[in-house]
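Below, chain A is the first sequence line, B the second, and so on; all start at residue 1. Model, not experiment: these values are computed from the prediction.
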Amino acid sequence: MCHQARMEYVLQVHGVVRRRPEGTDNPEMSTGTIDVVADRVEILNASKVPPFLINRDENIDELRRMQYRYLDLRRPNMQQNMILRHRTVKFLRDFLDGQGFIEIETPILFKTTPEGARDFLVPSRLQPGKFYALPQSPQQLKQLLMVAGYEKYFQVARCFRDEDLRGDRQPEFTQLDMELSFVEREDVMRLMEAMVLALCENVVPHMPLKYKPLRRLTYTEAMEAYGSDKPDLRYDLEAVDVTDIAGRSAFPIFQQNAEAGKPIKVVRAPGLHVRRDDPAQILSGEGLKRQMKELEDLVRTVGAKGLAYMALPLDETGEVKGPIGKYFTVEQKLALFERTGAQPGDILMFLSDKRETVWAAVDKLRRSLAETLNLADPNQLAFAWIIDFPMFYWDEENQRWDPSQHMFTMPMPEDIPLLDTDPGKARGSQYDLICNGYEIGGGSIRIHDRSLQEKMFPLIGQSMEHAREQFGHMLEAFEYGVPPHGGMAWGVDRLVMLFAQVDNIREVTAFPKTQSGLDVMAHAPSAAEPGQLEELYIRLAPLPEKGETAAP
RNA sequence: GGGGACGUGGUGUAGCGGUUAACAUGCCACCCUGUCAAGGUGGAGAUCGCGGGUUCAAAUCCCGUCGUUCCCGCCA
């Protein structure tokens with residue numbers, strides 16, 4: 001009987017558990033000190049030969065893993081991830097419960113929201129020709145719960161956004177959604193910070209926090225130093241502004257850019273000019289060029305036109321390498337080295353373009369260099385707050401202001417007058433929680449004053465009629481005594497991803513979708529039966545031909 | 001919508017102009033077995049994602065296409 005049993009069979013064994021005989025213990029195994037002396041063994045269920053090995057840690061093609069997700073989820077790594085996720089959510093629920101929050105479910109079938117991401121639509125049978133939308137988040141509903149007097153609300157909420165997928169973005173994902181009444185920004189941040197610290201201590205005690213209490217950066221500080229509103233703060237690699245020095249060099253592009261008000265920034269890559277296999281030598285000219293070409297290609301992907309550099313020698317007397325060294329006087333070089341803290345063997349990389357492009361390039365460079373130079377400790381958690389976001393970004397295409405979070409975000413009280421004079425300068429009461437290069441959560445104090453709320457619509461290019469159509473229920477509710485309120489939402493998938501030390505949320509999602517939005521196990525989405533469509537009064541338009549642009 | 005990487009027995013990889021397409025593991029058979037991802041012997045298993053082209057000759061080079069994935073756009 002035992003001989004018939006194979007891997008993945010489900011067995012029932014009757015017998016006596018006993019201590020293993022002398023000398024047969026195996027300390028490598030969790031059951032290494034015991035035996036079962038079986039008197040009866042029954043095969044409850046046989047198994048086909050699985051398409052991949054369950055009990056081994058191999059790099060199985062992810063498509064295969066998703067096709068047989070129920071087998072993939074048997075693997076120890078995935079089980080640990082699922083348990084970690086459970087423990088995380090359980091801790092957060094318990095914590096909030098202990099703080100007097102109550103969990104309230106909000107509808108999945110709700111109303112389309114005009115701003116933000118693309119909605120998933122669900123056709124209504126009872127209301128032919130009309131559609132529900134799946135919620136992008138419970139934002140409106142939780143504010144209405146504040147109107148309703150539930151002063152501390154939370155929900156582990158599924159959210160839906162029909163946008164292109166990324167490693168950290170699935171079309172459906174989970175938020176820990178929270179809202180509180182009678183709070184100011186500091187109240188929310190203090191509570192959330194306490195929750196982060198307690199969570200990490202309990203769920204991932206082996207992962208040290210870099211900042212306790214959490215570091216705070218303004219949006220502007222983060223962008224100028226790191227080029228991102230969610231920088232990975234486990235390492236430095238700060239961009240340094242050298243517009244004054246480099247703008248006075250003889251390098252024409254820097255001169256022109258400095259004059260045009262475009263910044264010139266330097267990212268210093270420590271020791272990048274040094275051979276990795278022999279720290280006593282610098283890279284060959286060839287090796288240096290190859291490395292810089294790679295990095296230049298990288299920054300080009302975000303619109304930078306090039307990447308100038310100076311590679312420093314190992315001895316103090318040597319000359320810098322790189323195409324722009326000759327345009328700088330000795331004094332200018334010394335000033336650069338002083339400003340950037342340059343050391344022998346470093347490479348200084350220069351980025352100059354319009355501000356946003358420099359930011360994007362700095363972000364790319366930092367992430368890439370951190371990997372090359374192995375600067376990010378996978379065990380460390382660098383949680384931090386980003387605050388003082390601008391209320392609006394200018395939307396060049398539509399010639400209007402776009403809310404940087406959403407249209408219910410309260411401006412910083414002292415910036416309210418700026419809404420009339422200079423909206424671009426107004427800061428929101430928003431706060432983002434970031435960690436290791438990801439946005440983990442975001443929130444704000446909301447507008448609870450109807451007249452202020454009505455001021456927002458024209459600013460973002462919406463007529464009052466349109467606003468009433470879309471948000472009439474909100475505006476009306478706001479006429480019935482709204483407490484000041486604010487809240488936050490955390491991305492549970494990303495949080496668990498960091499805890500599990502993996503680099504995409506599919507690893508912590510039981511049944512994820514591929515980048516093209518497919519469930520390759522169940523084959524969703526799938527065609528609807530004609531009868532189903534008929535019931536919904538839906539007729540399909542002709543589908544675009546696939547591959548019609550084919551050449552020979 | 002655009003760009004990059006990848007696609008070779010069941011699985012993971014090697015091969016990158018001419019090889020009977022290699023290795024590991026899994027699978028099948030037999031043997032052995034109280035140190036456990038057991039061991040031994042033997043065996044089956046890949047028209048190299050698909051289509052076209054270049055070439056005397058293509059897994060290998062080129063073009064297209066499909067799929068996965070990373071990035072830009074999009075998304076907070």
Students often get this wrong, so: under 4.0 angstrom with heavy atoms, is [X] touching a base, only sugar-phosphate, or nothing?
{"X": "A/Gly116", "value": "sugar-phosphate"}
{"X": "A/Asp25", "value": "base"}
{"X": "A/Pro21", "value": "base"}
{"X": "A/Asn59", "value": "sugar-phosphate"}
{"X": "A/Arg18", "value": "base"}
{"X": "A/Gly167", "value": "sugar-phosphate"}
{"X": "A/Tyr393", "value": "base"}
{"X": "A/Met66", "value": "sugar-phosphate"}

May I have the distance from [X] (atom [atom1]) to [N] (atom [atom2]), rounded to whole angstrom?
{"X": "A/Leu63", "N": "B/U11", "atom1": "CG", "atom2": "P", "answer": "11 Å"}
{"X": "A/Glu294", "N": "B/A5", "atom1": "CD", "atom2": "P", "answer": "12 Å"}
{"X": "A/Glu8", "N": "B/G26", "atom1": "CD", "atom2": "P", "answer": "13 Å"}
{"X": "A/Arg166", "N": "B/G73", "atom1": "CZ", "atom2": "P", "answer": "8 Å"}
{"X": "A/Leu298", "N": "B/C71", "atom1": "CG", "atom2": "P", "answer": "11 Å"}
{"X": "A/Leu518", "N": "B/C66", "atom1": "CG", "atom2": "P", "answer": "14 Å"}
{"X": "A/Gln67", "N": "B/U11", "atom1": "CD", "atom2": "P", "answer": "10 Å"}
{"X": "A/Ile54", "N": "B/G10", "atom1": "CD1", "atom2": "P", "answer": "17 Å"}

Taking the [atom1] atom of each, how far is [N] from [M], in whole Å?
{"N": "B/U13", "M": "B/G26", "atom1": "C1'", "answer": "14 Å"}
{"N": "B/C27", "M": "B/G12", "atom1": "C1'", "answer": "15 Å"}
{"N": "B/U19", "M": "B/A58", "atom1": "P", "answer": "10 Å"}
{"N": "B/A46", "M": "B/C61", "atom1": "P", "answer": "24 Å"}
{"N": "B/C48", "M": "B/C16", "atom1": "C1'", "answer": "12 Å"}
{"N": "B/G49", "M": "B/G10", "atom1": "P", "answer": "12 Å"}
{"N": "B/U55", "M": "B/U60", "atom1": "C1'", "answer": "13 Å"}
{"N": "B/U8", "M": "B/A14", "atom1": "C1'", "answer": "10 Å"}

base_contact_polar ([N] base, [X] side chain, donor-acceptor, <3.5 Å):
{"X": "A/Asp164", "N": "B/G73", "value": "yes"}
{"X": "A/Arg169", "N": "B/C75", "value": "yes"}
{"X": "A/Arg64", "N": "B/G7", "value": "no"}
{"X": "A/Asp35", "N": "B/G34", "value": "yes"}

Salt bridge or not for [X] and [Y], using N-O below 4.0 Å?
{"X": "A/Lys48", "Y": "A/Glu8", "value": "no"}
{"X": "A/Asp377", "Y": "A/Arg234", "value": "no"}
{"X": "A/Lys230", "Y": "A/Asp432", "value": "no"}
{"X": "A/Arg300", "Y": "A/Glu296", "value": "yes"}

Side-chain polar contacts of residues 167-174 of chain A - donor-acceptor pairs under 3.5 angstrom, sequence neighbours left out - could you list them?
unit_1	atom_1	unit_2	atom_2	d
A/Arg169	NH2	A/Asp164	O	2.7
A/Gln170	OE1	A/Lys513	N	2.8
A/Gln170	NE2	A/Lys513	O	3.0
A/Glu172	OE1	A/Arg158	NH1	2.7
A/Glu172	OE2	A/Lys513	NZ	3.1
A/Thr174	OG1	A/Arg85	NH2	3.2

Original post:
Where each residue is assigned the nucleotide of RNA chain B containing its nearest heavy atom, which of A/Arg118 and A/Arg506 is assigned the position nearer the 5′ end?
Top reply: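 Per heavy-atom nearest nucleotide, the more 5' residue is A/Arg506.
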Original post:
Is a side-chain donor-acceptor pair under 3.5 Å present for A/Ser516 with A/Thr514?
Top reply: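 A/Ser516 and A/Thr514 do have a side-chain donor-acceptor pair below 3.5 Å.
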Subject >> Pairing partner (Watson-Crick or G-U wobble, both distances under 3.5 angstrom) of B/C6 >> reply: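 Checking every strand shown, B/C6 finds its partner in B/G67, with both distances under 3.5 Å.
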Original post:
Using 30° and 60° as the class limits, which term best fits the ring planes of A/Tyr219 and A/Phe389: parallel, tilted or perpendicular?
Top reply: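 Aromatic pair A/Tyr219/A/Phe389 classed tilted.
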Original post:
Quick one: is A/Ser516 getting a side-chain N or O under 4.0 Å of the B/U68 phosphate, OP1 or OP2?
Top reply: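 Indeed, a polar side-chain atom of A/Ser516 lies that close.
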